[in-house]
K.L.:
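Have a look at this one.
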4 protein chains.
Amino acid sequence: MARPRSDDKRMAILSAALRTIAAQGPGAATAAIAKAAGVSNGSLFTYFETKAALLNTLYLELKAEMAAAALDGLSTDQELREQLLYMWVHWLYWATSCPDKRRTLAYLDVSDEITTESRETAHRMMAGVAQLLEQSREHGPMRAVPLAFLLALLSALADTTTDFIIRDPAHAEHHREAGFDALWRMIA
Amino acid sequence: MARPRSDDKRMAILSAALRTIAAQGPGAATAAIAKAAGVSNGSLFTYFETKAALLNTLYLELKAEMAAAALDGLSTDQELREQLLYMWVHWLYWATSCPDKRRTLAYLDVSDEITTESRETAHRMMAGVAQLLEQSREHGPMRAVPLAFLLALLSALADTTTDFIIRDPAHAEHHREAGFDALWRMIA
Amino acid sequence: MARPRSDDKRMAILSAALRTIAAQGPGAATAAIAKAAGVSNGSLFTYFETKAALLNTLYLELKAEMAAAALDGLSTDQELREQLLYMWVHWLYWATSCPDKRRTLAYLDVSDEITTESRETAHRMMAGVAQLLEQSREHGPMRAVPLAFLLALLSALADTTTDFIIRDPAHAEHHREAGFDALWRMIA
Amino acid sequence: MARPRSDDKRMAILSAALRTIAAQGPGAATAAIAKAAGVSNGSLFTYFETKAALLNTLYLELKAEMAAAALDGLSTDQELREQLLYMWVHWLYWATSCPDKRRTLAYLDVSDEITTESRETAHRMMAGVAQLLEQSREHGPMRAVPLAFLLALLSALADTTTDFIIRDPAHAEHHREAGFDALWRMIA
DNA sequence: GATGAATGAGGCTTCATTCAT
DNA sequence: AATGAATGAAGCCTCATTCAT
């Protein structure tokens, strides 16, 4: 009945946090974030109880977006290699076309403000990717290692490849393919 | 500025920084580091002009140690695969037996206090590793990618494998081998 | 400003303020009080212009209740000592059986939000008690001191005695009698 | 070997806290206190870890001073009544001639920043007064009540009397005597 | 009238760095 | 050179009050 909590504002804060953290790291001041969001200092805290809460929310949002980006539109009819490639390409596309998001995610991934619980939730968001990985490695040389290990390796590869694409965008496609081939050789 | 007298004190500070940052992250207060070093608050700044300077020094120290650990005692007589394995094993051994150093390095790697120059110097410290990598991939599927990319992939793999060994030390050897096999498949 | 519609709500706020302040001191946030009253944040300010206004109102309410409790049912037929004892017993009974009210009153008594005017009004509410005191001391050793002084002494005694009864309820009656005897010796 | 922590500064802070709290209540900002002490915002915290620590220290300091003022110079040769009177006079003299101290003590006495431990320590500081009280009431009507109760009554009487002297200093002596006579009648 | 989001001024405390001793 | 007190700029968060709905 009162002014409703505006989703716009909430998203403005999240988006401002994204930009500010990408630029200044997770130490960015809440005041800076609020200002970037065009919102008063105190308003930030009506949408997020705590700076840590904001960070965790942002983290989950980004992880979810990344996972969705990687899997959206995937058709399970194709060969596994094609499916994995599809995921790889989309993942890298997302990561390289939203460098702020990727950078912020990288910061948050190592921040000690991110809860174990958030990390677990994020991990669960990768279930689709994990499943694809599971199928891909089923008969390959890594059939016996923990799936989590494999997932971590995949992330590491994707991350590294993204770095290189951003650093040297002229050879984006080249790097992307090299990365994928390496991945495929590793697991299949 | 003449080099301060006591090298002991300098090393005590570096070592204290290592422990303190491992425990509290790169946000650790200089006062906390000084205290851990058994040195006064202000003395820290006669040995390191700035907190950032200390961090960068520590970063380089650790990177150098890591590179040395990976290559020390390597004999170039053996097969390349053996040499690479030697390096892999020693790298992981260092990383898993000095968790503080590794953790601190992980923190510093993403800290924005570390200058580009430091990162470049650190990169150069890996020349030996890079050379080995270069030889190993010479006739392999990755013969055409930038060596830096390969080095980054190696680092990512080593890092991820270390994570898993620390998390699940009972299967250390298993993880180490799985990681190496994956690496070898990737490049050779 | 027309009196707001719901007296219920007004009293709910006062009662919530009572409980909240008893628990958290006069620094209790208006938001906390509103919540405890089951009323919105903003509504509190349609019933009380200001936090200070709320506090002053509560203060007067409690003082009035205390005065009423002390005198209610007093019959002026009895001996003065009996009348004074009656008042003493009822005062202490009120104070010990509504510890929240007493505690809040204690907080407010020293709060600088309570205006001089409120304090004076409160003082006037004790007229009945004062009158009884006046009669009681008429021929006693304190016949010449300002009545206000006497009243203050009475309050101090009552307060101190209440403290002890609350702290050591097993000997409530004992303390109550000791306090009264002391009072009587003092004035009569 | 460095600049020593200056006792002057420490006392300046305590004294500034005294003045500031007397004027603004225990809610006075640490910044205001620091400014009043002619000290930087942060310096306050090298002398007192916390605002609460500062408040507790000030509380104990004042209580000690008050107890000392009440007993200093007391000769145990005199009659008990004379001794008690001596204490009464000196107590009131202290309280009325340092209204800031008294006011601050009153604020702190009810502040929830003051630890139970501080309160107990303060209580122990009144041992001398308590002992005198104990002797005075030995054969009197209050010989059986808890000494702590008696002490609380004494405090209440002293406080109330002080109030009246401050409010009406023209009759200081009058009030002081009336208060003491009341006390003596109460206990002896 | 009721609601609760919006505001922004502080409040307490931390910390890198400087400086007196 | 060594020490640790001094500094003051931030940082996060709270809260009385206002205002859009």
Side-chain angles (χ1 to χ4, degrees), chain A residues 1-6 9-10 27-35 38-54 113, chain B residues 1-6 9 27-35 38-55 113, chain C residues 1-6 9 27-35 38-55 113, chain D residues 1-6 9-10 27-35 38-54 113:
Chain A
M1 194 177 294
R3 188 182 333 189
R5 204 177 285 195
S6 133
K9 210 157 280 185
R10 189 190 143 88
T30 53
I33 295 172
K35 190 173 185 181
V39 151
S40 88
N41 210 326
S43 267
L44 189 149
F45 291 93
T46 93
Y47 287 88
F48 302 92
E49 280 202 20
T50 268
K51 184 186 184 183
L54 167 58
E113 303 271 32
Chain B
M1 187 175 315
R3 169 141 9 134
R5 192 78 51 71
S6 156
K9 218 162 267 191
T30 52
I33 295 172
K35 188 173 184 182
V39 153
S40 85
N41 200 346
S43 267
L44 189 149
F45 289 90
T46 94
Y47 288 90
F48 301 91
E49 277 200 55
T50 263
K51 186 186 184 181
L54 167 59
L55 259 36
E113 305 268 35
Chain C
M1 185 173 316
R3 165 137 16 132
R5 190 78 51 72
S6 156
K9 218 162 268 191
T30 53
I33 295 172
K35 188 173 186 184
V39 154
S40 84
N41 200 345
S43 268
L44 188 149
F45 288 90
T46 92
Y47 289 90
F48 300 91
E49 278 200 54
T50 264
K51 185 185 185 182
L54 166 59
L55 260 35
E113 305 268 33
Chain D
M1 196 178 292
R3 190 182 329 189
R5 201 176 287 195
S6 130
K9 210 159 281 187
R10 188 189 145 89
T30 54
I33 295 171
K35 190 172 184 183
V39 152
S40 90
N41 211 328
S43 265
L44 188 149
F45 291 91
T46 92
Y47 288 88
F48 302 92
E49 280 202 21
T50 270
K51 186 186 182 182
L54 168 59
E113 303 269 35

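Hydrogens, waters and symmetry mates play no part in the numbers below; they use all other heavy atoms, side chains included. Reminder, nothing fancy here: chain letters follow the sequence lines and each chain counts from 1.
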K.L.:
Can you name the residues that form a side chain to side chain contact (heavy atoms under 4.5 Å, CB included) with A/S40, not counting sequence neighbours?
P.N.:
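For A/S40, the residues satisfying side chain to side chain contact (heavy atoms under 4.5 Å, CB included) (neighbours in sequence not counted) are A/S43.
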
K.L.:
At under 4.0 Å between heavy atoms, how does the protein contact nucleotides 5-12 of chain F? Give one character per nucleotide, 5' to 3', with B, S or -.
P.N.:
BSBB--SS

K.L.:
D/S6: what forms a side chain to side chain contact (heavy atoms under 4.5 Å, CB included) with it, not counting sequence neighbours?
P.N.:
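Side chain to side chain contact (heavy atoms under 4.5 Å, CB included) check on D/S6 returns D/D8, D/K9, D/Y47.
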
K.L.:
Starting at atom CD of A/E113, determine the distance to atom C1' of F/dC13, rounded to an integer number of angstrom.
P.N.:
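Atom CD in A/E113 sits about 14 Å away from atom C1' in F/dC13.
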
K.L.:
C/F48: what forms a side chain to side chain contact (heavy atoms under 4.5 Å, CB included) with it, not counting sequence neighbours?
P.N.:
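Partners of C/F48 by the side chain to side chain contact (heavy atoms under 4.5 Å, CB included) criterion, ordered by chain and then number, come out as C/R10, C/I13, C/L14, C/L54, C/T57.
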
K.L.:
Closer than 3.5 angstrom, by distance alone: can the side chain of A/K51 be matched with the main-chain N or O of A/A29 as a donor-acceptor pair?
P.N.:
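No, A/K51 side chain to A/A29 backbone: no donor-acceptor pair under 3.5 Å.
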
K.L.:
Provide, to the nearest angstrom, the distance between the CD1 atom belonging to C/I33 and the P atom belonging to E/dG4.
P.N.:
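My rounded result for the distance is 17 Å.
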
K.L.:
About how many Å separate CG of C/N41 and OG1 of C/T30, when rounded to the nearest 0.5 Å?
P.N.:
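Answer rounded to 0.5 Å: 6.0 Å.
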
K.L.:
Test of understanding: with side chain to side chain contact (heavy atoms under 4.5 Å, CB included), list the residues that count as partners of C/A34, not counting sequence neighbours.
P.N.:
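C/A34 satisfies side chain to side chain contact (heavy atoms under 4.5 Å, CB included) with C/L44 only.
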
K.L.:
Between atom NZ in B/K35 and atom C1' in E/dC15, what is the gap in whole Å?
P.N.:
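In whole Å, E/dC15 C1' lies 15 Å from B/K35 NZ.
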
K.L.:
Tell me, what's DNA chain F's dot-bracket, Watson-Crick or G-U with both distances under 3.5 Å, | for other-strand, [ ] crossing?
P.N.:
.||||||||||||||||||||

K.L.:
For the residue pair B/E113 and B/A52, what are the closest heavy atoms and their distance?
P.N.:
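B/E113 and B/A52 have their closest heavy atoms at OE1-CB, 3.8 Å.
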
K.L.:
Using whole Å, report how far CG of C/L55 lies from C1' of F/dA16.
P.N.:
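Whole-Å distance recorded here is 12 Å.
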
